[in-house]
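For the single chain, residues carry numbers from 1 onward in sequence order. Please read these numbers as outputs of a predicted model, since none were measured by experiment.
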Amino acid sequence: MLKKTKILLISIAMLIMGSAALHANPLEYKNAIGIYGMFGFSNSGLQYQRWFNDRIGLQSQVLAWYESGRNQYDDPEYEFALNTQLLFSLFKTNFGEKSGTNLYAWGLLGYYLYNTTDYVDGSSLGVYSIRITESICNNFVFGAGFGFDVMFWDHLSVPFEFGFAGQMPHETRISLTAATGIRYRF
């Protein structure tokens, strides 16, 4: 009899906890962490997202990369980027109880540091190449566009973003860009 009572109590507890999870709404989770990549720009890396209310949110990405020289003649290469996007929600939709979408506009500001090494042809001196200068480049990153977040299985989300992004003053450019990633919402 005691064994049946334990099984019954465990079953009731699991049913209560399971039914609470079935009624959760992915749009109610205000935080998300994950990995994110913007094609062609330094706005990539680990990401944290926070929605402050139903309309305004913020997400930040950080990228750190270092590669030592492959041999004694190669210089190490490194990159560091820290970017922040201001998000403004335009439209939200629930699809059932465990999935939904969020359409939003975004504005991007950030910092991108990297190094470059310039070489010249050294064949007239009997060597392959001569290193001339190593430069550290500090860039300002900016952009604006639209995105939508597809949320499923209650906690997972996949963002799709598109817009224009640029960097300056080194290798100044502005171009159409796209981004995606995967995040865990909590």
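- Test Asn138, Thr84, Asn139 against Tyr111 for side-chain hydrogen bond (donor to acceptor under 3.5 Å, both in side chains) and you get one pass: Asn138.
- Using a 4.5 Å heavy-atom threshold, the side chains of Tyr48 and Val62 count as separate.
- Nearest approach of Glu171 to Gln167, heavy atoms of both residues: O-NE2, 3.4 Å.
- With values rounded to the nearest 0.5 angstrom, Arg173 atom CZ is found 13.5 Å from Met168 atom CE.
- For the atom pair CD1 of Ile182 and OG of Ser157, the computed distance is 8.0 Å after rounding to the nearest 0.5 Å.
- For the atom pair CG of Leu86 and CG of Leu109, the computed distance is 9.0 Å after rounding to the nearest 0.5 Å.
- Contact of the Tyr78 side chain with the Ile136 side chain is registered, since non-hydrogen atoms from C-beta on lie closer than 4.5 Å.
- Between the side chains of Tyr36 and Glu161, at least one donor N or O lies within less than 3.5 Å of an accepting N or O.
- With rounding to the nearest 0.5 Å, the separation of CZ in Arg183 from CG in Leu156 is 11.5 Å.
- In the hydrophobic clustering of ILVMFWY residues, with side-chain heavy atoms under 4.5 Å counting as a link, Leu90 and Leu58 come out together.
- Side-chain atoms of His170 and Tyr114, non-hydrogen and from C-beta on, do get closer than 4.5 Å to each other.
- In this structure, Tyr112 OH and Asn83 CG are separated by 10.5 Å, a value rounded to the nearest 0.5 Å.
- Without hydrogens or angle criteria, Trp106 side chain to Ala144 main chain gives no donor-acceptor distance under 3.5 Å.
- Both Leu113 and Leu46 sit in one connected hydrophobic cluster of ILVMFWY residues. Membership requires side-chain heavy atoms under 4.5 Å apart, directly or through other members.
- For Phe142 and Phe140, the ring centers are positioned less than 6.0 Å apart.
- The aromatic rings of Trp51 and Tyr104 sit perpendicular, their planes meeting at an angle over 60°, well past the 30° parallel limit.
- Remark: the backbone N or O of Pro159 is paired with a side-chain donor or acceptor of Thr180 at under 3.5 angstrom.
- Phe39 and Leu63 are assigned to two separate hydrophobic clusters, defined by single-linkage of ILVMFWY side chains at heavy-atom distances under 4.5 Å.
- Residue Phe88 holds its CZ atom at 5.5 Å from CZ of Arg55, rounded to the nearest 0.5 Å.
- Linking Ile, Leu, Val, Met, Phe, Trp and Tyr whenever their side-chain heavy atoms come within less than 4.5 Å leaves Phe164 and Val141 in two separate clusters.
- Residues Lys92 and Asn102 approach most closely at CG-OD1, 3.5 Å, considering heavy atoms.
- If you look at Phe148 and Phe160, their ring centroids are closer than 6.0 Å.
- Residue Leu176 is not grouped with residue Phe146 when hydrophobic side chains (ILVMFWY) are merged at heavy-atom distances under 4.5 angstrom, including chains of intermediate members.
- Between Gln85 and Gln49, every side-chain heavy-atom pair lies at or beyond the 4.5 Å cut-off.
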